[in-house]
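A short worksheet on the structure shown next.
Remember, predicted model here, so these are calculated numbers, not experimental data.
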Amino acid sequence: MLFVKISRYEGVTSLWSGLLPTLLISVPSTVIYFTAYDQLREAFSSHFVPPLGAVSVPFLSGTTAGKKFIFLE
C-alpha cells in the first residue's frame, strides 16, 4: 500500500532515487574487500595445514581484509 501511495504522489522513479549514490559507494568498497580477502586467503592457505587451516584461514583472511579496508577509507 505504501509503494502505491509513493508511486502515485511522487512518481515511480522516486522509489529508486537513492540507488545510484548507494551503488557508487558500495560497489567499489565491496570489490576492494573481496579482492583483499581472496588474495589473503591464498597467502594464508600455504601457511596453515588442515584441520587448523580449515577454520583459521577464512577467519584470518576476513579479519585482515576488513582491517585493511577500514584503513583505506
Side-chain angles (χ1 to χ4, degrees):
M1 186 70 180
L2 180 64
F3 292 116
V4 174
K5 190 174 182 180
I6 292 172
S7 298
R8 185 176 299 142
Y9 292 110
E10 297 181 24
V12 176
T13 57
S14 68
L15 296 172
W16 290 276
S17 63
L19 181 62
L20 183 61
T22 302
L23 289 176
L24 289 175
I25 292 171
S26 298
V27 170
S29 61
T30 303
V31 168
I32 291 170
Y33 172 78
F34 280 111
T35 302
Y37 172 79
D38 193 42
Q39 291 176 351
L40 288 167
R41 185 175 45 101
E42 288 179 18
F44 288 146
S45 293
S46 63
H47 296 296
F48 293 99
V49 294
L52 181 64
V55 176
S56 61
V57 169
F59 177 75
L60 288 173
S61 301
T63 304
T64 308
K67 286 186 180 188
K68 279 186 173 182
F69 178 68
I70 289 171
F71 290 120
L72 291 176
E73 287 187 334

Would you say L19 ends up clustered with I6 if hydrophobic residues are merged whenever their side chains have heavy atoms under 4.5 Å apart, either directly or through other cluster members?
yes
A65 and L40: which non-hydrogen atoms are nearest, and at how many Å?
N-CD1, 3.6 Å
Work out which heavy atom in L15 is nearest to a heavy atom in S7; give both atom names and the distance.
CD1-OG, 3.5 Å
Spacing of CD belonging to E42 relative to CD belonging to Q39, to within rounding of 0.5 Å
7.5 Å
Side-chain donor or acceptor of S61 paired with backbone N/O of P58 under 3.5 Å:
no
Over all heavy atoms of both residues, which pair between T35 and V31 is shortest? Give the atoms and the distance, please.
OG1-O, 2.7 Å
Report yes or no: does S46 contribute a side-chain atom to a donor-acceptor pair with the main-chain N or O of A43 at less than 3.5 Å?
yes
Consider only side-chain heavy atoms of I, L, V, M, F, W and Y, link residues closer than 4.5 Å, and tell whether V12 and L2 are in one cluster.
yes
Is there a continuous path of hydrophobic side-chain contacts, each under 4.5 Å between heavy atoms, that joins F3 to W16?
yes
Is T64 close to Y37 at the side-chain level, that is, under 4.5 Å between some pair of heavy atoms?
no
Contact summary for G66 and Y33, nearest pair of heavy atoms:
N-CE1, 3.6 Å
What pairs of residues pass the salt bridge (charged side-chain N to carboxylate O under 4.0 Å, His left out) test when at least one of them lies in residues 16-30, not counting sequence neighbours?
none
Of all heavy-atom pairs linking S45 and V57, the shortest is OG-CG1, 3.7 Å
Interatomic distance, OH@Y9 vs OG@S14, rounded to 0.5 Å, equals 13.0 Å
Can you measure from CZ (R41) to CZ (F34) and round to the nearest 0.5 angstrom?
11.0 Å
Counting distance only, does the side-chain N/O of S29 pair as donor-acceptor with the main-chain N or O of I25 below 3.5 Å?
yes
